[in-house]
Amino acid sequence: AMGEGKKNGDASDAKYAVQTDKDDATASPTSRQPSQLTSSSTHDDTHQRSKQIYDPASVPPCGHPPSTPLLLQLDQVLTRRLFHHHVDYLCEWKFPLTHNRSAWMYALLARMEKPWHRDECVGVRRVLRECCLRRRELVLLPADREGSSNKNEKKAREELALLNTLIAIAGIYYEQGSSRGGDGMDSLFGISPSRSGSHEE
């Protein structure tokens, strides 16, 4: 009698174990993996929140300035890529050297770490050549002369300050103003003579 009771007990335990396995197999994902669903739900909520926050109309017309928190988010690969974009805008597509673009080039050069790849050296030298060319073509009036072109004169002197800054950084600090090839530092700071006849009233 005791043997039969033990046998029946073992059969009941085995039947209960099989039923439990079936219940686990047919259980819904909600009941089996609550932690994964919670994590997925949190990720979806964060993604939806970020999509709702972003608004293209909030971007300034001239772009964001190169602030320190923004620069620290850029790794060296992205820093170099952005620098080459600005080099193409300035040297290849001949975009004007605005204050914002000059600030970005200054900040990206300061953010780049050495040693440099040859592409970075070529890019900085292109900036140096382009700035020297624009500086030589810049026409300035004497500082004490006043006339109808006073506004244009002020703009030209502001551009001259930006050009001088980039020339000093690229040519002197980063040593791209080599005297080889006849384009050394002695020939960088030339300005076209003032054409007084073109500014006469």
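Computed from heavy atoms alone, side chains included, the values below leave out hydrogens, waters and symmetry copies. It should be emphasised that the depicted structure is a prediction, and the values quoted were computed from it without experimental measurement. Along the sequence shown, residues are numbered consecutively beginning with 1.
- Of the possible polar contacts, none joining the Tyr89 side chain to the Arg101 backbone as a donor-acceptor pair under 3.5 Å is found.
- Looking at His85 and Leu108, their side chains never come closer than 4.5 Å, going by heavy atoms from C-beta outward.
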(request) Output, in order, the C-alpha distance, side-chain angles, deciding distance and verdict of side-chain contact (heavy atoms from CB on, under 4.5 Å) for Thr79 and Phe83. (result) CA-CA 6 Å; Thr79 299; Phe83 175 73; 5.7 Å; no
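- Atom-to-atom distance recorded for Glu175:CD and Cys121:SG is 10.0 Å, nearest 0.5 angstrom.
- The cluster map of Ile, Leu, Val, Met, Phe, Trp and Tyr, joined by side-chain heavy atoms under 4.5 Å apart, puts Val122 and Leu82 in different clusters.
- Taken to the nearest 0.5 Å, the OH atom of Tyr106 stands 11.5 Å off from the NE2 atom of His99.
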(request) Take Leu72 and Thr68 through the side-chain contact (heavy atoms from CB on, under 4.5 Å) test and state the conclusion after the steps. (result) CA-CA 6 Å; Leu72 292 177; Thr68 302; 4.0 Å; yes
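- Legend: salt bridge (charged side-chain N to carboxylate O under 4.0 Å, His left out) pairs involving residues 102-114, not counting sequence neighbours: none detected.
- Contact record, Pro66 with Leu71: O-CD1, 3.8 Å, taken as the closest heavy-atom pair.
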(request) Under the salt bridge (charged side-chain N to carboxylate O under 4.0 Å, His left out) rule, what do Glu159 and Lys155 come out as? Steps first, then yes or no, please. (result) CA-CA 6 Å; Glu159 183 179 359; Lys155 183 178 180 181; over 6 Å; no
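- Arg134 has its side chain out of reach of Leu138: every pair of non-hydrogen atoms, C-beta onward, lies at least 4.5 Å apart.
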(request) Show your working on side-chain contact (heavy atoms from CB on, under 4.5 Å) between Glu153 and Arg157 and close with a plain yes or no. (result) CA-CA 6 Å; Glu153 180 70 13; Arg157 292 194 177 276; 3.2 Å; yes
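- The distance from atom CE of Met112 to atom NE2 of His117, rounded to the nearest 0.5 Å, is 13.0 Å.
- In this structure, the side chain of Ser102 does not engage the main chain of Thr98 through any donor-acceptor pair within 3.5 Å.
- Taking 4.5 Å as the limit, every side-chain heavy atom of Leu109 sits out of range of all side-chain heavy atoms of Tyr173.
- Of the inter-residue distances, the one linking Phe95 atom CZ with Asp88 atom CG reads 10.5 Å to the nearest 0.5 angstrom.
- The pair Asp75-Arg81 fails the salt-bridge criterion, with no side-chain N (NZ, NE, NH1 or NH2) lying under 4.0 Å from an Asp/Glu carboxylate O.
- For the atom pair CG of Asn152 and NZ of Lys154, the computed distance is 12.0 Å after rounding to the nearest 0.5 Å.
- Neither Leu133 nor Leu163 shares a network with the other; the hydrophobic side chains, linked directly or stepwise wherever heavy atoms of I, L, V, M, F, W or Y lie under 4.5 Å apart, form separate groups for each.
- Taken together through direct or relayed side-chain contacts under 4.5 Å among Ile, Leu, Val, Met, Phe, Trp and Tyr, Leu70 and Met105 form part of one hydrophobic cluster.
- Side-chain contact between Leu97 and Leu166 is present, with heavy atoms from C-beta onward closer than 4.5 Å.
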(request) Assess whether side-chain contact (heavy atoms from CB on, under 4.5 Å) is satisfied between Glu120 and Arg80, documenting all intermediate values. (result) CA-CA 7 Å; Glu120 280 68 54; Arg80 284 162 167 74; 3.5 Å; yes
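- Asn164 has its side chain within reach of Arg135: a pair of non-hydrogen atoms, C-beta onward, lies under 4.5 Å apart.
- A pairwise comparison of heavy atoms in Leu140 and Ala156 identifies CD2-CB, 3.6 Å as the closest pair.
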